[in-house]
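Heads up, the thing below is written out as structure tokens.
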2 protein chains.
Amino acid sequence: MPNQSLMLDQVFQALANPTRREVVQLLGRGPAAMTELARSFKMALPSFLQHLQVLEKCGLVRSQKTGRSRVYELAPEPLEAAEDWMKAARRHWETRFDQLDSFLLSQKENT
Amino acid sequence: MPNQSLMLDQVFQALANPTRREVVQLLGRGPAAMTELARSFKMALPSFLQHLQVLEKCGLVRSQKTGRSRVYELAPEPLEAAEDWMKAARRHWETRFDQLDSFLLSQKENT
DNA sequence: TGAATACTTAGGTAAATGCCTAACCAATCG
DNA sequence: CGATTGGTTAGGCATTTACCTAAGTATTCA
């Protein structure tokens with residue numbers, strides 16, 4: 001895994017936008033061509049293409065050109081990577097719960 | 001839940017940065033004051049403060065001022081929300097697996 | 001009280017983001 | 001072939017982001 005951190009940067013960045021998240025959801029239902037996807041949004045096509053490119057650059061989406069149409073499909077691996085990171089972060093917090101208790105207690109004692 | 005989408009925007013945006021992700025990880029081990037946290041980074045303090053403010057604005061972190069120091073702690077709820085969104089996205093993809101098979105098949109048939 | 005510590009505010013810059021229009025291919029359709 | 005359809009490139013613009021330095025304010029220490 002070369003530069004895991006940069007990869008997470010890109011995935012989270014990609015998901016930090018409602019248009020792109022909606023595309024991910026749409027593609028969850030199955031592959032679709034660009035204009036087909038674009039119909040759901042009130043955006044100029046070049047702007048929309050940029051979003052697709054952001055998704056593709058970070059690997060959340062793959063595409064393939066057939067004839068004059070380009071078909072996109074979801075690639076859930078990066079989604080998993082991001083999910084794993086979050087899970088780990090939360091896990092730390094949870095296993096530290098007792099420590100939190102004693103911290104709050106020590107605060108009280110200092111009063 | 002007022003404007004769930006905006007909330008996800010902010011959480012994902014917050015996590016799309018290595019410094020902020022590291023802060024989240026650090027706080028997973030327990031609460032810490034600002035300068036204490038800042039020691040792990042080679043950044044000017046005002047710059048670092050901005051990161052903490054981004055984290056706090058989206059609810060990933062809470063803080064409280066005591067005397068002259070401000071103590072931060074992790075708040076894992078938004079993390080959970082983001083995780084849930086991802087889980088749902090992946091779930092769609094998974095339940096659609098058979099449809100993918102038939103799609104690829106139909107592509108082949110068109111050759 | 002004066003100095004040190006811990007954070008805050010103000011203001012500035014370079015690069016990235018999100019959007020647009022106009023114009024340009026390339027594959028079909030009539 | 002000429003027009004249409006589906007996608008792409010180029011270029012521009014306003015806003016946001018990620019950083020910085022300099023100069024505060026507010027506690028606490030000596």
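Chain A is the first sequence line, chain B the second, and so forth, proteins listed ahead of strands; every chain is numbered from 1. Note that the structure is a prediction, hence the values are computed from the model and not measured.
Following rounding to the nearest Å, Asn17(B) (CG) and dA15(C) (P) show an atom-to-atom distance of 18 Å. Regarding Lys57(A), its NZ atom lies at a distance of 7 Å from the P atom of dT17(C), rounded to whole Å. If you take CG of Leu52(B) and P of dA18(D), they are 13 Å apart, rounded to a whole angstrom. The CG atom of Leu55(A) sits 14 Å away from the C1' atom of dG18(C) (whole-angstrom rounding). Remark: P of dT5(D) and NZ of Lys65(A) are 17 Å apart, rounded to the nearest angstrom. One can place CG of Leu6(A) at 14 Å from C1' of dA16(C), the figure rounded to the nearest angstrom. Distance Met43(B) CE to dC7(C) P: 16 Å, rounded to the nearest Å. For the pair Arg70(A) CZ and dA26(C) P, the interatomic distance rounds to 14 Å; values are reported in whole Å.
Judged by closest nucleotide on DNA chain C, Pro46(B) is the one of Pro46(B) and His51(A) placed further toward the 5' end. Nearest-nucleotide assignment on DNA chain D puts the 5′-proximal partner with Leu45(A), out of Leu45(A) and Leu45(B).
For the atom pair NE2 (His51(B)) and CG (Leu37(B)), the distance works out to 12.5 Å, reported to the nearest 0.5 Å.
Taking the side chain of Thr35(A) as heavy atoms from C-beta on, and the options dG7(D), dC19(C), dT21(C), the nearest nucleotide is dG7(D). Of the candidates dA18(D), dC7(C), dT9(C), dT9(C) carries the atom nearest the Leu49(B) side chain, counting heavy atoms from C-beta on. For Gln50(B), the side-chain atoms get nearest to dA18(D) when compared with the rest of dC19(C), dA18(D), dC7(C).
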(request) Give DNA chain D the dot-bracket treatment, 5' to 3': Watson-Crick (N1-N3 with N6-O4 or O6-N4) or G-U (N1-O2, O6-N3) under 3.5 Å, [ ] crossing, | other strand. (result) ||||||||||||||||||||||||||||||
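Side-chain N/O atoms of Arg68(A) and base N/O atoms of dT28(C) include no donor-acceptor pair closer than 3.5 Å.
Checked by atom type and distance alone, the side chain of Arg70(B) never pairs as donor or acceptor with a backbone atom of Met34(B) at under 3.5 Å. With hydrogens and angles disregarded, a donor-acceptor distance shorter than 3.5 Å links the side chain of Arg21(B) to the backbone of Leu15(B).
Within 6.0 Å of NZ in Lys57(A) there are 12 or fewer heavy atoms belonging to other residues, nucleotides or ligands. Crowding of Gln64(A) atom CD: a count of heavy atoms from other residues, nucleotides or ligands under 6.0 Å not exceeding 12.
A single hydrophobic cluster is seen to contain both Leu45(B) and Tyr72(B), as judged by linkage of ILVMFWY side chains at heavy-atom distances under 4.5 Å, directly or through other members. Under the 4.5 Å side-chain contact rule for hydrophobic residues, Leu8(A) and Leu60(A) share a cluster.
Looking at heavy-atom distances under 4.0 Å, Ser47(B) makes contact with a base.
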